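Working notes, beginning with the structure itself.
Predicted model, so just to flag it, every value in this text is computed and none were measured. Residues: numbered from 1 along the sequence shown.
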Amino acid sequence: MNKVFSSAANALEGVLHDGMTIAAGGFGLCGIPELLISAIREAGTRDLTIASNNCGVDDFGLGVLLRTKQIKKMISSYVGENAEFMRQYLSGELELEFNPQGTLAERMRAGGAGIAGFYTKTGVGTVVAEGKEHKAFNGETYVLETGIVADLAIIKAWKADTSGNLVFRKTARNFNPPAATCGKICVAEVEEIVPVGSLDPDQIHLPGIYVHRLIQGGYEKRIEQRTTRVAA
């Protein structure tokens, strides 16, 4: 099966529909699937539920989908760096399900592994645990979290071969692999595609069995908070 597509729009053809759930990789602006996000914006798909650590910034990453009001609900850990995210949430325009970062990553991993739910101590006694089942193990209270299974996963990797085996670079490995596994369909964008056999099997971070479609593109290397000092 040919997994390589010529553009983000082509790779998403026949996959998008209103009201769908999308798992998006990335951490801050690192390792975000920016080309696929732009293609979703152009497609105009609406009422989206998106599971992602954060929602980009006001004019980049998932933030562009907030601007166009295409997102109905976010399942996230962090809402900083995005004034529009905060405004829509506080005004009641956007639903928000807060998850601790480790819990969110594990919910994605669990969904991808066929695990319906798991118990964790994280969030017990806070608003995160409200309305969820609690259970005691060895005298400690745990809260039940459910695995996330998304209609679509959109992720960003550094390098791929034509079978979809992926290599991530540094912190881009945080949320991208678990997001990829929990999508019924996974579309990946990468900086470089190489022939099968070019990657050292021991260096592959995500097997191609999880990746259904693949694109290559050029990327803008943005920094969320640029901090510099005066040269001596």
Check: [Y] main-chain N/O paired with [X] side-chain donor or acceptor under 3.5 Å:
X	Y	value
Asn176	Gly31	yes
Asn174	Phe27	no
His205	Phe168	yes
Asn165	Pro207	no
His212	Ile185	no
Arg213	Asn2	no
Asp161	Pro195	no
Glu34	Gly61	no
Thr68	Val64	yes
Glu189	Leu36	yes

Can you tell me how far the [atom1] atom of [X] sits from the [atom2] atom of [Y], to the nearest 0.5 Å?
X	Y	atom1	atom2	result
Lys156	Ile37	NZ	CD1	10.5 Å
Ile75	Thr21	CD1	OG1	6.5 Å
Asp18	Gln70	CG	CD	9.0 Å
Leu62	Arg67	CG	CZ	14.0 Å
Cys30	Arg169	SG	CZ	9.0 Å
Ser6	Ile215	OG	CD1	9.0 Å

In terms of hydrophobic clusters joined by side-chain contacts under 4.5 Å, are [X] and [Y] together?
X	Y	result
Met74	Ile148	no
Leu35	Leu12	yes
Leu152	Val149	no
Ile32	Leu104	no
Ile204	Phe175	no

Flag the pair [X] / [Y] as yes when at least one side-chain heavy-atom distance between them is below 4.5 Å, and no otherwise.
X	Y	value
Leu94	Leu66	yes
Leu166	Leu214	yes
Leu144	Lys135	no
His134	Tyr142	no
Asn54	Phe85	no
Thr49	Ile22	no
Trp158	Val190	no
Ser163	Val196	yes

side-chain contact (heavy atoms from CB on, under 4.5 Å), that's the test. Do Met86 and Val79 meet it? Break it down for me. CA-CA 7 Å; Met86 179 179 66; Val79 301; 5.7 Å; no
Heavy-atom pair with the smallest gap, counting every atom of [X] and [Y]:
X	Y	value
Gly147	Ala110	CA-CB, 4.2 Å
Lys159	Leu199	CD-CD2, 3.5 Å
Ser77	Pro100	OG-C, 3.5 Å
Ser76	Ser52	OG-O, 2.8 Å
Ala24	Ala179	C-CB, 4.2 Å
Ala39	Ala9	CB-N, 4.0 Å

How about CD1 on Ile115, more than 12 heavy atoms from neighbouring residues, nucleotides or ligands closer than 6.0 Å, or not?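 Yes - once you tally the heavy atoms of other residues, nucleotides and ligands closer than 6.0 Å, there are more than 12.
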Within residues 82-101 or reaching into it, pairs that qualify as side-chain hydrogen bond (donor to acceptor under 3.5 Å, both in side chains) - sequence neighbours excluded: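 Those involving residues 82-101 are Asn53-Gln101, Lys69-Glu93, Lys73-Glu97, Glu84-Arg87, Glu84-Gln88, Arg87-Glu93, Ser91-Glu93, Glu97-Arg107, Asn99-Arg107.
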When you compare the side chains of Asn10 and Ser7, does any donor N or O come within less than 3.5 Å of an acceptor on the partner?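 Their side chains do contain a donor-acceptor pair, which is all the 3.5 Å distance test asks for.
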What verdict does the side-chain contact (heavy atoms from CB on, under 4.5 Å) test give for Lys121 and Glu140, after you've listed the backbone C-alpha separation in whole Å, the side-chain angles of each residue and the deciding distance to 0.1 Å? CA-CA 8 Å; Lys121 289 197 291 184; Glu140 297 281 351; 4.0 Å; yes
Run the side-chain contact (heavy atoms from CB on, under 4.5 Å) test on Ile155 and Leu206 for me, step by step, so that the C-alpha distance in whole Å, both residues' side-chain angles and the decisive distance to 0.1 Å come before the verdict. CA-CA 11 Å; Ile155 65 167; Leu206 185 73; 4.3 Å; yes
Assess whether side-chain contact (heavy atoms from CB on, under 4.5 Å) is satisfied between Glu133 and Tyr119, documenting all intermediate values. CA-CA 9 Å; Glu133 180 186 330; Tyr119 289 95; 2.6 Å; yes
Lys132/Glu145 ion pair, N-O < 4.0 Å: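 Salt bridge between Lys132 and Glu145, a charged N being under 4.0 Å from a carboxylate O: yes.
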